[in-house]
Amino acid sequence: MAQSTVNLPYFDLLLDFIDQSPTIKTAFNRHVHWGYWPNPQQARFTAEDFAIAAERLSREVYGAAAIANGQTIVDVGCGFGGTIASLNEHFADLKLTGVNIDPRQLDRAKEWVTPQNNNVINWVEANAIDLPFDDASVDIVLAVECIFHFPDRQQFLKEVRRVLKPGGQLAISDFLPSDILANIPLLKTSLADYSFYGGFDISCTINSYRDLAQKTGFCLALERDITGETLPTYDCLRQLGAELKQFEPSALFQTLALEFVSRLRLLNYWILKFDRW
Ligand SMILES: C[S@@+](CC[C@H](N)C(=O)[O-])C[C@H]1O[C@@H](n2cnc3c(N)ncnc32)[C@H](O)[C@@H]1O
């Protein structure tokens with residue numbers, strides 16, 4: 001199997017277990033992100049329910065952009081290819097590219113996502129801050145729940161602006177801290193060796209995003225806080241963690257900490273859409 005150049009212990013664990021546990025496979029074969037429940041009180045916390053909710057989250061994110069048949073669309077940090085798969089199923093004549101820094105994930109995506117509806121799909125190993133695409137060549141860029149791993153948000157936004165056609169759009173989902181939480185150093189870690197979720201930076205507030213958008217030639221056209229609709233994810237993760245029968249102290253600590261600050265609405269889950277000037 002190809003090696004990863006980035007340290008993401010949660011993906012190492014997933015890749016080890018996904019083909020051994022039908023439950024883990026049901027939950028994560030397609031998407032590796034939080035779920036979206038329009039009625040959170042109706043969440044059932046099963047692997048099947050979680051997978052449906054994760055599919056909904058992808059649709060909410062790409063639904064923020066004006067996707068249309070025939071477009072060129074890049075999904076950066078594409079995981080196992082679930083968002084590309086969903087676009088492939090619902091639209092036609094698309095030129096789709098999934099980008100990931102981890103070739104092991106791209107190998108899995110290649111195996112199960114089959115082009116249909118006259119769509120063309122490519123899988124490209126690259127770093128989000130150095131995209132291998134021509135200037136003004138892409139209609140839509142997506143980054144579902146991954147920007148916090150990228151080495152530099154501003155560099156990523158600049159790079160996306162370069163590859164987008166004028167009028168093009170970027171839709172993302174991200175964890176945004178409240179102003180109270182924003183200055184806590186634990187929101188950034190480059191200590192990927194000790195962190196279940198690898199290196200991350202969840203210190204960018206909505207005001208920082210507005211500034212970044214302005215600096216990099218975007219208009220922040222949609223700001224949508226969907227924290228409430230994502231909270232059942234934590235109950236699902238508890239069930240799925242028990243299924244793994246692996247005790248990873250940093251997994252437990254980091255997930256509980258995320259849940260704690262999310263339930264207090266100190267850390268919120270947003271969908272953002274940027275229009276390129
Ligand atoms: C939480 S997962 C989300 C995966 C996928 N977007 C999804 O929603 O299922 C974060 C993803 O970001 C990718 N990633 C992390 N750093 C990256 C980078 N610098 N460039 C490209 N992809 C990166 C990881 O390999 C992983 O696939």
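Read the numbers this way: they start at 1 and go in the same order the structure lists the ligands and their atoms. Worth knowing before you read on, the calculation uses all heavy atoms, side chains too, and leaves out hydrogens, waters and symmetry mates. All residue numbers in this chain count up from 1 along the given sequence.
- Of the protein's non-hydrogen atoms, the one nearest atom 14 (N) of ligand 1 is Ile101 CG2, 4.0 Å.
- The distance criterion of under 3.5 Å between nitrogen or oxygen atoms is not met by Val6 with respect to ligand 1.
- The residue from Leu131, Val76, Leu142, Asn100 that puts a heavy atom closest to atom 25 (O) of ligand 1 is Asn100.
- Within ligand 1, the atoms closer than 4.0 Å to a non-hydrogen atom of Asn127 are 18 (C), 19 (N), 20 (N), numbered from 1 in the order shown.
- By heavy-atom distance, the residue among Glu145, His33, Arg104, His149 lying nearest atom 1 (C) of ligand 1 is Glu145.
- Residue contact check for ligand 1: Val99 places no non-hydrogen atom closer than 4.0 Å to it.
- Near Pro151, with a cut-off below 4.0 Å to any heavy atom, the atoms of ligand 1 are 19 (N).
- The backbone N or O of Ala66 sits less than 3.5 Å from a side-chain atom of Gln169, completing a donor-acceptor pair.
- A salt bridge links Arg238 with Asp235: the distance from a Lys NZ or Arg NE/NH1/NH2 to an Asp or Glu carboxylate oxygen falls below 4.0 Å.
- Within the set Gly77, Gly199, Cys146, Ser173, the minimum heavy-atom distance to atom 4 (C) of ligand 1 is found for Gly77.
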Applying side-chain contact (heavy atoms from CB on, under 4.5 Å) to Asn117 and Asp93, what does each step give before you reach the verdict?
CA-CA 6 Å; Asn117 302 330; Asp93 306 316; over 6 Å; no
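- Taking the charged nitrogens against the carboxylate oxygens, Asp12 and Arg104 do have a contact shorter than 4.0 Å, which makes a salt bridge.
- Under 4.0 Å is where a charged nitrogen must lie from a carboxylate oxygen, and between Asp19 and Arg108 at least one such pair does.
- Atoms of ligand 1 found under 4.0 Å from any heavy atom of Val144, numbered from 1 in the order shown, are 3 (C), 5 (C), 6 (N), 8 (O).
- Using a 4.0 Å cutoff on heavy atoms, Ala54 does not count as a contact of ligand 1.
- Taking 4.0 Å as the cut-off, Gly198 does not count as a neighbour of ligand 1 on heavy-atom distance.
- Every atom of ligand 1 with a heavy atom of Gly79 under 4.0 Å away is listed here by number and element: 4 (C), 5 (C), 27 (O).
- Residue contacts with ligand 1: Phe80 is excluded, as none of its non-hydrogen atoms falls under 4.0 Å.
- Closest to atom 27 (O) of ligand 1, if we only count protein heavy atoms, is Gln105 OE1, 2.5 Å.
- The single protein non-hydrogen atom nearest to atom 20 (N) of ligand 1 is Ala128 N, 2.9 Å, given as residue, atom name and distance.
- Under a 4.0 Å criterion applied to the non-hydrogen atoms of Cys78, ligand 1 contributes the atoms 5 (C).
- Side-chain contact between Tyr197 and Phe148 is absent, with no heavy-atom pair separated by less than 4.5 Å.
- Residue-ligand proximity, His31 to ligand 1, at heavy-atom distances under 4.0 Å covers atoms 9 (O).
- By the 4.5 Å heavy-atom criterion applied to side chains, Gln254 and Phe200 are counted as neighbours.
- Within ligand 1, the atoms closer than 4.0 Å to a non-hydrogen atom of Ala126 are 20 (N), 21 (C), numbered from 1 in the order shown.
- Between Tyr10 and His149, a ring centre-to-centre spacing shorter than 6.0 Å is recorded.
- Ligand 1 is approached by Leu8 to a heavy-atom distance shorter than 4.0 Å.
- Nearest protein neighbour of atom 3 (C) of ligand 1, counting heavy atoms only, is Val32 O, 3.4 Å.
- Of the possible donor and acceptor atoms, none in the side chain of Asp139 sits under 3.5 Å from a partner among the backbone N and O of Gln71.
- A salt bridge links Asp174 to Arg153: at least one charged side-chain nitrogen sits closer than 4.0 Å to a carboxylate oxygen.
- Listed by number with element, the atoms of ligand 1 under 4.0 Å from a non-hydrogen atom of Tyr10 are 1 (C), 2 (S), 10 (C).
- In this structure, Ser21 contributes its side chain and Phe17 its backbone to no donor-acceptor pair below 3.5 Å.
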Residues Ser58, His31; criterion side-chain hydrogen bond (donor to acceptor under 3.5 Å, both in side chains); working and verdict
CA-CA 8 Å; Ser58 266; His31 302 287; 3.3 Å; yes
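- Ion pair Glu60/Arg224 flagged as a salt bridge, since at least one NZ, NE, NH1 or NH2 atom sits closer than 4.0 Å to an Asp/Glu carboxylate oxygen.
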